[in-house]
Amino acid sequence: MQGRLALGLGLGLTLLWLGSAWATATLLRGEMDEVFDSTLEETAQRLLPLAVLDILDREDEGVSERIATLRQHEELFTYLVRDNQGRILLRSHGAQDADFPPFDGMGFRQTATHRLYYDAALQGTVTIAVAEPLSHRTKAARNALAGLALPLIAFIPLSLIGIVAIIRLSLRPVRRFSGALAKRGAQDLSAVNDASLPAEIAPVAEAVNQLLGRLRRALDAERSFTANAAHELRTPVAAALAQTQRLISETTDQVARRRATEIEASLKRLTQLAEKLMQLARAEGGRLRRDKKTDLRPALRMVLSDCVRIGGSGRLQEELSDEPVLSDIDPDAFAILARNLVENALRHGDDTGPVQVSLTTGGVLRVTNDGPPVAPETLARLTARFERGKSISRGSGLGLSIAKAIAEGAQAKLHLHSPIPGRKDGFEAVFHVPR
């Protein structure tokens with residue numbers, strides 16, 4: 001909007017000034033022609049009586065006389081005095097006969113090179129022709145036009161700069177409002193201050209704030225429902241699981257035992273799903289950045305020790321920095337992210353291949369596992385909820401979506417690669433810790 005306003009106003013003002021200059025130059029040229037014509041006429045009427053007196057005082061009739069000049073100068077007006085027979089009786093020192101057509105009446109005439117005025121005295125027996133070069137008028141008009149154009153050449157850029165400055169100053173509150181919206185993270189849906197906005201933009205800002213409020217309430221309701229539902233499910237599911245396990249230990253009926261074992265597996269998956277839903281609600285609704293930095297290595301070590309029971313101690317290979325890895329990300333959120341990435345690698349990678357976990361001093365968490373490469377279209381969908389690709393292993397399909405939600409909420413970056421860069425197979429998850 002700022003560019004369009006500046007371009008429109010600048011272009012319109014420039015065209016208006018150029019049009020005004022052209023109209024002024026046209027009017028000025030007409031006025032100058034009138035002044036020059038008046039000068040020609042006045043010159044002829046002043047010179048003709050003097051020329052008649054000079055001619056009458058001569059003893060020899062029909063003799064041509066050239067008026068001598070006192071000093072060298074540019075003669076802009078030249079004249080010829082003739083008798084009724086066309087003989088030249090008097091001429092100015094710079095007059096050329098070819099520039100003066102024969103007298104054919106009083107008034108103005110114009111040739112290809114001169115503008116002339118003719119007058120007569122003594123009943124037409126003595127005529128005078130005063131000539132002015134058209135180049136003189138053209139030069140005078142050009143100088144006048146340059147005098148008009150030169151100030152515009154300097155004034156137009158200054159005016160355009162002033163227009164841009166005024167527009168930028170006027171739109172500064174709008175830019176501040178836009179910048180405040182652009183800096184908002186996915187978790188910040190609070191209202192934006194619009195006190196300094198112009199009256200024309202204030203309704204838009206109010207509508208945006210109302211939309212943010214409605215969106216915040218809807219997301220809060222969704223997160224609250226997810227967290228409450230997952231929390232409320234834990235107790236009855238745990239009770240059902242305990243009763244099922246007791247039934248398995250007490251029954252001697254093999255058919256009942258097999259069915260109870262299937263129910264136990266389903267209840268465990270439901271417990272795991274409830275836990276993942278609570279983690280997702282934590283990732284999407286919690287405060288993921290703290291006011292102070294902490295070392296992330298202890299949280300990662302705790303996660304790896306818990307994951308040993310899932311994949312076996314022989315599969316996990318860790319490589320942690322010897323120096324503290326400081327970040328203001330919440331350690332609990334980082335632990336949830338790391339746990340989901342490691343569990344994803346253990347469950348969906350090659351059962352016999354190692355899972356390598358590294359945390360560098362630069363704050364890069366890298367989790368890699370062996371396995372066939374994932375198709376690009378499948379890789380792009382893996383961070384969606386309940387997306388498990390083509391894997392047939394156990395899992396809720398929420399691990400990578402939870403990791404993505406934490407990365408976005410912490411203004412960090414999570415990248416997935418398959419195959420692993422430099423290899424033809426494998427899967428790699430890279431999380432850049434916010435520093």
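Computed over heavy atoms, backbone and side chain alike; hydrogens, waters and symmetry mates excluded.
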Less than 4.5 Å apart, any side-chain heavy atom of [X] and any of [Y]?
{"X": "Thr39", "Y": "Glu132", "value": "no"}
{"X": "Arg137", "Y": "Met32", "value": "no"}
{"X": "Ile167", "Y": "Leu9", "value": "yes"}
{"X": "Phe334", "Y": "Val303", "value": "no"}
{"X": "Leu341", "Y": "Leu400", "value": "yes"}
{"X": "Tyr79", "Y": "Thr43", "value": "no"}

Quick check: closest heavy atoms across [X] and [Y], and the distance to 0.1 Å?
{"X": "Asp350", "Y": "Gly371", "answer": "CB-N, 4.3 Å"}
{"X": "Arg82", "Y": "Pro101", "answer": "NH1-O, 3.5 Å"}
{"X": "Ala345", "Y": "Arg315", "answer": "O-NH2, 3.9 Å"}
{"X": "Leu76", "Y": "Pro133", "answer": "O-CD, 3.0 Å"}
{"X": "Gly399", "Y": "Asn340", "answer": "CA-OD1, 3.3 Å"}
{"X": "Gln45", "Y": "Pro49", "answer": "O-CD, 3.0 Å"}

Spacing of [X] atom [atom1] and [Y] atom [atom2] [to the nearest 0.5 Å]:
{"X": "Gln245", "Y": "Thr261", "atom1": "CD", "atom2": "OG1", "answer": "10.0 Å"}
{"X": "Ile336", "Y": "Ile402", "atom1": "CD1", "atom2": "CD1", "answer": "7.5 Å"}
{"X": "Thr361", "Y": "Leu326", "atom1": "OG1", "atom2": "CG", "answer": "10.5 Å"}
{"X": "Arg381", "Y": "Ser401", "atom1": "CZ", "atom2": "OG", "answer": "14.5 Å"}
{"X": "Ile128", "Y": "Leu47", "atom1": "CD1", "atom2": "CG", "answer": "5.0 Å"}
{"X": "Leu382", "Y": "Lys404", "atom1": "CG", "atom2": "NZ", "answer": "11.0 Å"}

Kindly check if the number of other-residue, nucleotide or ligand heavy atoms within 6.0 Å of [atom1] ([X]) is above 12?
{"X": "Glu323", "atom1": "CD", "result": "no"}
{"X": "Arg423", "atom1": "CZ", "result": "yes"}
{"X": "Glu319", "atom1": "CD", "result": "no"}

Excluding sequence neighbours, so at least two apart, what forms ring pair (Phe, Tyr, Trp, His ring centres under 6.0 Å) with Phe100?
none

Go through the steps for Val357 and Leu365 under the test side-chain contact (heavy atoms from CB on, under 4.5 Å), then give the verdict.
CA-CA 7 Å; Val357 181; Leu365 173 66; 4.1 Å; yes

Please list, chain by chain and in numerical order, all residues satisfying salt bridge (charged side-chain N to carboxylate O under 4.0 Å, His left out) with [X], sequence neighbours excluded.
{"X": "Arg115", "answer": "Asp37"}
{"X": "Asp119", "answer": "none"}
{"X": "Glu428", "answer": "Arg366"}
{"X": "Arg29", "answer": "Asp33"}

Report yes or no: does [X] contribute a side-chain atom to a donor-acceptor pair with the main-chain N or O of [Y] at less than 3.5 Å?
{"X": "Ser327", "Y": "Pro434", "answer": "yes"}
{"X": "Glu408", "Y": "Ile406", "answer": "no"}
{"X": "Thr26", "Y": "Trp22", "answer": "yes"}

Can I get a per-line list of side-chain donor-acceptor pairs under 3.5 Å for residues 293-301, giving both atom names and the distance, sequence neighbours left out?
unit_1, atom_1, unit_2, atom_2, d
Lys293, NZ, Arg435, O, 3.1
Asp295, OD1, Arg297, N, 3.2
Asp295, OD1, Arg297, NE, 3.4
Asp295, OD1, Val325, N, 3.0
Asp295, OD2, Arg297, NE, 3.0
Asp295, OD2, Arg297, NH2, 3.0
Arg297, NH1, Ser321, O, 3.0
Arg297, NH1, Asp322, O, 3.1

Decide yes or no on side-chain contact (heavy atoms from CB on, under 4.5 Å) for Val430 and Leu416, but give the supporting numbers first.
CA-CA 6 Å; Val430 181; Leu416 305 179; over 6 Å; no

From CA spacing to verdict: side-chain contact (heavy atoms from CB on, under 4.5 Å), His348, Asn369
CA-CA 9 Å; His348 301 289; Asn369 61 269; over 6 Å; no

Determine, step by step, whether Asp99 and Leu116 satisfy the side-chain contact (heavy atoms from CB on, under 4.5 Å) criterion, reporting the C-alpha distance in whole Å, the side-chain angles of both residues, the deciding distance to 0.1 Å, and the verdict.
CA-CA 9 Å; Asp99 298 334; Leu116 302 100; 5.9 Å; no

Would you please classify the geometry between the His432 ring and the His415 ring as parallel, tilted or perpendicular, with 30° and 60° separating the classes?
perpendicular

